[in-house]
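Heavy-atom basis, side chains included; hydrogens, waters and symmetry copies ignored.
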There are 4 protein chains.
Amino acid sequence: MPAPSEVTAPERLRCDAARNRERVLSAASEVYGERGPAFTMEEVASRAGVGIGTVYRRFPTKGALLDAIALPYLERILSLARAAGEHREPGERLETFVRTFAERHASERMGSGRLWDSTLGRPLRDEIARVVDSLLDAARKAGRLRPDVTYRDVSVLLWTLTSLIDATDQIAPMVWRRHLDLLLDGLRPGGPRPLATPPVNAEEWERVVTSSAALRLH
Amino acid sequence: MPAPSEVTAPERLRCDAARNRERVLSAASEVYGERGPAFTMEEVASRAGVGIGTVYRRFPTKGALLDAIALPYLERILSLARAAGEHREPGERLETFVRTFAERHASERMGSGRLWDSTLGRPLRDEIARVVDSLLDAARKAGRLRPDVTYRDVSVLLWTLTSLIDATDQIAPMVWRRHLDLLLDGLRPGGPRPLATPPVNAEEWERVVTSSAALRLH
Amino acid sequence: MPAPSEVTAPERLRCDAARNRERVLSAASEVYGERGPAFTMEEVASRAGVGIGTVYRRFPTKGALLDAIALPYLERILSLARAAGEHREPGERLETFVRTFAERHASERMGSGRLWDSTLGRPLRDEIARVVDSLLDAARKAGRLRPDVTYRDVSVLLWTLTSLIDATDQIAPMVWRRHLDLLLDGLRPGGPRPLATPPVNAEEWERVVTSSAALRLH
Amino acid sequence: MPAPSEVTAPERLRCDAARNRERVLSAASEVYGERGPAFTMEEVASRAGVGIGTVYRRFPTKGALLDAIALPYLERILSLARAAGEHREPGERLETFVRTFAERHASERMGSGRLWDSTLGRPLRDEIARVVDSLLDAARKAGRLRPDVTYRDVSVLLWTLTSLIDATDQIAPMVWRRHLDLLLDGLRPGGPRPLATPPVNAEEWERVVTSSAALRLH
DNA sequence: CATGAATGAGTTTTCATTCAT
DNA sequence: GATGAATGAAAACTCATTCAT
């Protein structure tokens, strides 16, 4: 049975390699989530259970690895946006997207910062732009969004939001939720409803202010 | 002759020491403004015109030095808040504070990130809280602010804003201004006035997305 | 059916193997010519169009590969020596050999340094010794060579010459030619003819001294 | 006694630093002599008995260290040339210089290769050129040197000679001496005296050919 | 046999921190 | 007190070599 073996052998090889690639990638995402871009290649390697040489075989540069982390990240964003587009109430779609995105980011420590960068994800980003634009349209038509908000505004918003989540979620998980409510609802009076999240209380705030949380924002 | 010598010598020393402390501090602020927390202790020393040992005598740790930078930073914030409190229109005071703070941050590269941290500035921070609270009050009474916004909400807002400014001001200076408009004006429709800043255009956005700007957000 | 399969399969394999061996060898010579012993095994593999494992199957060590490169090198030397032995004027044969060898080395970047080493080429080297000895004899009999010069003297001369060629040919191609003239003609006065190559001029010398040419001599 | 202490303290500091600098330098020369430019910074550090950081404080780059090795090397060459210029017999001066240079190079493992390079030693090199030129003049006037030999010819000769010495002195110390005799005396017949060094014998040659001596020539 | 994935010791360089002077 | 020399633990990256497929 040379055929099958010949077929499967390379397949398996690729399988192992691919598995390792995945392991490195998820280890990198993990470490990135914990320590930001200051993570060590060696740490990624050891957490992936491979030698450092293996990491470098797949990603010849730390930057390349960061770029690679970005792609699944973007893909998840896209799928969240698409899922939000299925929401029954068109007026809720945008908010649903932003909120689920934030929750997912907090729970899965999706990458951030550098990950919005890199030209690698261009087509993906374009597609995300299209989908999010449709969410904006729906929200606008439902009278739930001021007409002058663009995709880029939302993007910047998500961008700063992820930084805030990274910096505070572990020590004061309500901070970013409150901030998100404010962002979504606006600062002006006359809003139709009170903010869903209560103001940040003293203990949480204490933790934020005394920890090095702010450090991570830079 | 213990008195004179002990009086003058330490006095002088204290003088020199104080002068050195100031030099180190302003050198550190300068370098921090230029390179963020990645600056080198040696660089601070040489820019202050002292030996690196002197830096360490005053600030036993790089972290301590960062903490120390925060104080003048907080002082400037306080003075901006106070100045804004003098604004003729009480309803404008909060917005004036936030906007001048942002502009100052952008132009003088006031420290950020880590600088919000540290327990050193506690009394200062408390005073800032008081003053900003009065701005909030005024804005609320003038019907320019939703009633449930707290000092901490504003603080988080400023916090994320400085990150955005640090990351984008040099390559796309309109990005954070637009975002700030949105923050101040809210995302809901029916706002009393159109946003002052036009949407981010394609070129600027391109620059942000292709540069490593996002990197600096972490 | 053990016979046919065993006969053809190994035959083919041997064929392929031999072809691979050759490919690896010429790739290695090529890379060696370009970068000296600093070349990478991976580079040899990829230029030969085989996997790196294949390289290691044929040559268990980088040193072994270097040794193997030496053989064709020695063969070319031998053929040059034999060709020089055909020269009409017996008195010219030695000089012809040395000069054509040097030119070939310069133009084809024949291997050098390590290539004189290795015990692999023993019989070949012995044969070269025999042929060059005959050139020496002829030169001696023609009164063109001092009687006490041996094959080993010539060998050392060629050895240092190749180093000089490697180091200077690309940046100052006259340097080694002048040196060779001196070597062949002697340093003492009263020589029958002036040196054919003019002294190295300032520009060329400058290039040698300021470049990292000397580095390559080690 | 504040004055003396103040005077000596910095002096001592400088002393220690200078001592370390010297240690690093001589360690580097030593290692360079043994392994050529492939030496390790760590090795230099440990042999100098200092931390690797100290090496980098004095010589911010491996290249800088190599450059620094070159200077004392050039100085020694200059002093040898000057000493040779004092030789009673003007006709012997050049040869004396070349021979003592070679012996010193062999015994003290003076640097080589890269050391001829670098623009650092420019003035020193110019001075060497002047002195050696005077040796050439003297030799020429004494009828001991063919009139067309220039300083650059001698320089190339010394250059290749050091390579040969580095490569062979430890395993076959007569090889380079014999070669030097040949260089100095010329290859043509009719020379006034037989070569002082006997031909390389089989054992020595064997050692050269089988060792990796040749490797060091590249 | 061929492949190329995996390995990890080794290299250069940086920088926060200590300590002798 | 001030100085800056010394330290050495990392960190990013390379490459000869081994080994599973």
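Between the OH atom in B:Tyr73 and the OG atom in B:Ser29 there is a gap of 11.0 Å [rounded to 0.5 Å]. Interatomic distance, CZ of B:Phe59 versus CG of B:Asp67, reported as 10.5 Å (0.5 Å rounding).
Toward the 5′ end of DNA chain E lies the nearest nucleotide of C:Ile52, the other residue of the pair B:Thr40 and C:Ile52 mapping further downstream. In terms of position on DNA chain E, the residue among B:Glu42 and C:Arg57 whose nearest nucleotide sits closer to the 5' end is C:Arg57. If A:Tyr56 and C:Met41 are placed on DNA chain F by their nearest nucleotide, the residue sitting closer to the 5' end is A:Tyr56.
Distance CG (C:Leu66) to P (F:dC15): 15 Å, rounded to an integer number of Å. Distance CD (B:Glu43) to C1' (E:dA16): 14 Å, rounded to an integer number of Å. If you measure from atom CG of D:Leu65 to atom C1' of E:dT13, you get 14 Å, rounded to the nearest angstrom. Between A:Lys62 atom NZ and F:dC13 atom C1' the separation is 12 Å, expressed in whole Å. In this structure, B:Arg23 places its CZ atom 16 Å from P of F:dG1, rounding to the nearest Å. Between the P atom of F:dA2 and the CZ atom of B:Arg21 lies a distance of 12 Å, rounded to the nearest Å. When rounded to the nearest whole Å, the span between CZ of B:Phe59 and P of F:dA2 equals 12 Å.
Note on D:Thr54: a base of the nucleic acid sits closer than 4.0 angstrom, heavy atoms only. Within the 4.0 angstrom heavy-atom criterion, only backbone atoms of the sugar-phosphate kind lie near B:Phe39; the bases stay farther away.
In this structure the side chain of B:Asn20 never reaches within 4.5 angstrom of the side chain of B:Arg57, judged on heavy atoms. You'll find the side chain of D:Phe39 reaches within 4.5 Å of the side chain of D:Leu66, heavy atoms only.
When each of F:dT7, F:dT3, E:dA5 is scored by its nearest atom to the side-chain atoms of A:Ala17, the top-ranked nucleotide is E:dA5.
In this structure, E:dC19 and F:dG4 make a Watson-Crick or G-U wobble pair, each of the two defining distances being under 3.5 angstrom.
B:Asn20 has no side-chain polar atom (N or O) that falls below the 4.0 Å cut-off from OP1 or OP2 of F:dG1. Close to F:dA6, at under 4.0 Å from its OP1 or OP2, lies a side-chain N or O of D:Arg58.
Tested against B:Arg58, the residues B:Arg21, B:Glu22, B:Arg23 include a single side-chain contact (heavy atoms from CB on, under 4.5 Å) partner, B:Arg21.
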